[in-house]
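Comments concern the structure below.
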Amino acid sequence: TFFFASAQEIPMERISSGHPRLLVGKFGFVDLKRNALSPAGKILKIRILHDAALILGYPLQSREMEGRRLLSASRNVLYRINTLTTAWLLTGEHKYATRAIRELINAANYSDWNPSHYLDVAEMTLAVSIGYDWLYQLLTPSERSLLEYAIIEKGLRPSFQQNWWWISCSNNWNPVCHAGMVAGALTIADIEPALAEEIIQRALENLPRSLKAGYAPNGAYPEGPMYWRYGTEFMAVLLGLLDAVWGEDFGLSAQPGFSVTGDFILATTGPTGQMFNYADCKAQLDISFAMIYLAKKFNRPDWFEAVKHQLLAGVAAKTPKSVISGGNRLLPLALLYLDIPESPKSSPLFYYSGDEALVPIGVLRSDHTSKAAWVGLKAGSPSGPHGHMDGGSFVFESEGYRWAIDLGMEDYTKIEKKRFQLWNSKQDGDRWKLFRLGPVSHNILRIDEALQNVKGNAKITKFSTGSIEMDLTTLYTPAAGQVTRTASLLSGRALRLRDRLTGVTPNARITWQMCTQATPEILADGTLKLRHNSQALLIRKNTPENWNIVSAELLRTPVESANPNTWMVSFSVLIPKNGQIELEVTLIPYVSNADDNLYNSQVSD
């Protein structure tokens with residue numbers, strides 16, 4: 001059930017009068033120091049100390065705006081404070097604490113924390129609050145007063161200056177902003193108790209909105225895995241703040257879907273390690289603090305197993321030459337939650353968001369090997385949060401390579417500087433003119449090259465362990481009476497896509513298209529062959545029309561991001577007199593060897 005926490009009384013008297021009190025509770029940093037002795041903790045400690053040493057040589061973070069945002073500066077301050085304070089706790093070396101205090105004083109002296117874009121305020125408030133709380137014993141009285149003033153006047157009070165939309169919204173801004181505000185409130189609760197209680201009560205009343213929209217019913221996040229990470233990491237921080245003070249989170253983590261949201265991340269991570277990056281999402285994501293926290297919170301060691309190798313081999317093994325622009329800003333906090341038991345459990349081979357999800361998705365996987373066939377399909381609407389015109393799109397991996405790709409997000413700041421109305425998502429809005437966001441770059445069907453309907457909403461109508469069917473009709477009305485797409489994994493790690501269209505005007509042109517970074521080649525028999533190093537994929541279709549191959553660089557405007565070595569492959573057919581057609585396209589892995597023989601040339605259901 002979905003519920004609000006407004007009727008609950010917050011026991012403010014249980015907030016500790018001393019410091020630290022954020023995330024660590026009455027036992028202080030015992031867990032953090034103990035977990036740093038575990039195999040994963042030892043490696044993470046090496047990385048934290050490496051980054052902290054680099055930070056010592058950099059100038060303090062300036063109040064540098066990027067367009068209308070101060071967000072990069074806020075994030076870098078949060079990264080530096082978490083890294084430096086953790087390095088001090090792990091080593092006892094005061095050089096790290098001294099530098100952290102300098103960063104805190106510097107940020108506190110900014111003219112403001114840019115409340116016009118409240119994410120900036122939220123992340124800065126979290127940074128200064130953690131720094132103040134964890135370094136409290138080392139601060140002078142005047143330094144404490146300065147930081148307290150900044151948290152209250154530049155962080156908390158601006159959140160009451162107007163009825164900010166993020167307070168009750170349902171997207172990632174909700175947990176991010178409330179997490180920063182709750183951290184600040186807990187930090188100054190003994191100084192401004194009434195203000196602190198009002199902020200915490202406000203968060204408990206409004207967070208269920210984003211929890212319902214973000215995770216019900218089965219944990220899938222409508223804005224995709226990248227924004228899952230952003231919103232969920234700060235939701236995890238907020239729950240950690242509440243848990244540490246009260247030993248409970250007032251029912252927030254019991255909201256539908258939240259306790260299984262780690263399954264969504266496991267499912268949307270392909271065998272290559274890339275994400276199913278629908279909507280405004282990148283394919284490559286760093287390790288997430290949220291997955292470590294949630295594995296601990298919900299006793300899901302299988303989630304931790306899935307990210308542990310990333311932690312050991314991916315994050316900690318990398319020792320970048322520069323971190324002047326920041327890094328994984330919440331990861332040092334993971335040392336508080338690393339005491340998770342081993343688990344041999346493997347992730348499921350299929351995942352369904354439930355069609356009640358705001359953006360329904362389905363994922364199928366053939367096996368648990370690194371060469372598994374894996375396909376992700378997206379339904380939903382272009383009008384969804386951070387939406388693209390990608391209803392019915394798919395990404396596909398097999399033999400250790402992603403053949404069908406999604407280019408993901410565009411650079412917001414770069415586009416906004418060109419006075420482009422990036423967030424105008426009306427049917428004729430600027431948003432759909434961008435290559436990566438509109439229909440041209442996505443692995444979808446098009447009818448006479450028209451846009452998808454912004455108010456359309458595709459549904460997943462059938463889901464099984466081997467196939468997914470989507471009803472795409474409302475994305476194409478009135479041009480079609482019905483449009484469905486069915487994806488099925490076949491033997492030989494192949495994928496078959498069947499598209500059925502009825503009620504279409506005769507002679508309308510139907511285009512089947514796919515984006516790829518493999519090198520395309522049309523064979524003599526009309527089959528399309530994609531090559532990547534020694535790997536290859538054959539794409540066969542049930543129509544004689546020729547394939548069309550266009551470089552993605554020819555399809556973007558000069559203001560948009562480059563897409564090197566990327567191709568749009570497509571074919572078009574004309575609708576016959578009866579107004580209906582069925583397209584069948586099969587993607588078959590192919591091994592290039594001395595005889596150039598087809599791998600598993602006979603595929604079957």
[X] and [Y]: side-chain donor and acceptor closer than 3.5 Å?
X: Glu66; Y: Ser72; answer: yes
X: Ser210; Y: Asn174; answer: yes
X: Arg68; Y: Asn114; answer: no
X: Asn76; Y: Gln61; answer: yes
X: Gln274; Y: Thr272; answer: yes
X: Thr477; Y: Thr474; answer: no
X: Asn172; Y: Glu223; answer: yes
X: Glu410; Y: Ser561; answer: yes
X: Trp423; Y: Asp430; answer: no
X: Thr511; Y: Glu449; answer: no
X: Glu416; Y: Thr413; answer: no

Check your understanding: Hey, is CG on Asn163 packed in by over 12 heavy atoms from elsewhere, all under 6.0 Å?
Key ->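 Check fails, neighbour count at 12 or below.
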
Review point. Got a sec: does the NZ of Lys414 have more than 12 other heavy atoms crowding it under 6.0 Å?
Key: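 It does: Lys414 NZ has more than 12 such atoms within range.
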
When the aromatic ring centroids of [X] and [Y] are compared, is their separation below 6.0 Å?
X: Trp113; Y: Tyr118; value: no
X: Trp173; Y: His117; value: yes
X: Phe396; Y: Trp374; value: no
X: Tyr352; Y: Phe350; value: no
X: Tyr221; Y: Tyr215; value: yes

Any donor-acceptor N/O pair, [X] side chain to [Y] backbone, under 3.5 Å:
X: Glu553; Y: Trp567; answer: no
X: Arg540; Y: Glu584; answer: no
X: Glu521; Y: Lys529; answer: no
X: Arg229; Y: Asp286; answer: yes
X: Asp406; Y: Phe394; answer: no
X: Ser74; Y: Glu123; answer: no
X: Asn565; Y: Gln517; answer: no
X: Asn424; Y: Arg431; answer: no
X: Ser353; Y: Ala220; answer: no
X: Ser381; Y: Ala458; answer: no

Any idea which heavy atoms bring [X] and [Y] closest together, and the distance?
X: Ala283; Y: Arg402; value: CB-NH1, 4.4 Å
X: Thr261; Y: Gly219; value: OG1-O, 2.7 Å
X: Leu475; Y: Gly380; value: CD2-O, 4.1 Å
X: Ala357; Y: Pro217; value: N-CD, 3.8 Å
X: Leu445; Y: Trp512; value: CD2-CD1, 3.8 Å
X: Leu377; Y: Ile468; value: CD1-CD1, 3.7 Å

Say you draw a straight line from [atom1] of [X] to [atom2] of [Y]; how long is it, rounded to the nearest 0.5 Å?
X: Glu397; Y: Arg365; atom1: CD; atom2: CZ; result: 8.5 Å
X: Ser62; Y: Leu70; atom1: OG; atom2: CG; result: 9.0 Å
X: Thr461; Y: Asp355; atom1: OG1; atom2: CG; result: 8.0 Å
X: Asp471; Y: Gln482; atom1: CG; atom2: CD; result: 5.5 Å
X: Thr527; Y: Ile539; atom1: OG1; atom2: CD1; result: 10.0 Å
X: Thr268; Y: Asp263; atom1: OG1; atom2: CG; result: 10.5 Å

Exercise for review: Please assess Gln427 against Val454 for the test side-chain contact (heavy atoms from CB on, under 4.5 Å), listing each intermediate value before the final yes or no.
Suggested key: CA-CA 6 Å; Gln427 187 65 45; Val454 167; 3.4 Å; yes

Aromatic plane relationship, [Y] with [X] - under 30° parallel, 30 to 60° tilted, over 60° perpendicular:
X: Tyr401; Y: His532; result: parallel
X: Trp228; Y: Phe264; result: tilted
X: Trp166; Y: His178; result: perpendicular

Check your understanding: Would Thr125 and Met181 count as a side-chain contact (heavy atoms from CB on, under 4.5 Å) if you check the C-alpha gap in whole Å, the side-chain angles of each, and the deciding distance to 0.1 Å?
Key -> CA-CA 7 Å; Thr125 304; Met181 296 302 95; 3.7 Å; yes

Exercise for review: For ring pair (Phe, Tyr, Trp, His ring centres under 6.0 Å), just list the numbers for His386 and Tyr227, CA-CA rounded to whole Å, side-chain angles, deciding distance to a tenth of an Å, and then say yes or no.
Suggested key: CA-CA 9 Å; His386 289 276; Tyr227 282 98; 4.1 Å; yes

Is any side-chain N of the basic residue among [X] and [Y] closer than 4.0 Å to the acidic one's carboxylate O?
X: Arg498; Y: Glu469; answer: no
X: Lys378; Y: Asp390; answer: yes
X: Asp499; Y: Arg485; answer: yes

Exercise for review: Let me see the working for Tyr412 and Asp280 under side-chain hydrogen bond (donor to acceptor under 3.5 Å, both in side chains), right down to the final yes or no.
Suggested key: CA-CA 10 Å; Tyr412 295 171; Asp280 278 343; 2.9 Å; yes

Counting C-beta onward and ignoring hydrogens, is there a side-chain heavy-atom pair between [X] and [Y] closer than 4.5 Å?
X: Leu407; Y: Thr566; result: yes
X: Ser288; Y: Glu233; result: yes
X: Ser572; Y: Ile510; result: no
X: Leu530; Y: Thr519; result: no

Practice item. Carefully, step by step, assess Arg446 and Gln513 under the rule side-chain contact (heavy atoms from CB on, under 4.5 Å). Key: CA-CA 8 Å; Arg446 301 190 66 189; Gln513 63 185 41; 3.4 Å; yes

Check your understanding: Does NZ or CZ of Arg75 come closer than 6.0 Å to the centre of the six-membered ring of Tyr230, within 45° of the ring's axis?
Key ->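 Yes - Arg75 lies over the ring of Tyr230, closer than 6.0 Å to its centre and within 45° of its axis.
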
Exercise for review: Please determine if Lys541 forms a cation-pi arrangement with Phe571, meaning its NZ or CZ atom is less than 6.0 Å from the six-membered ring centre and no more than 45° off the ring axis.
Suggested key: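 Yes, Lys541 sits over the ring of Phe571.
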
Practice item. Could you please spell out the steps behind the side-chain contact (heavy atoms from CB on, under 4.5 Å) verdict for Arg496 and Leu587? Key: CA-CA 6 Å; Arg496 183 184 62 212; Leu587 291 72; over 6 Å; no

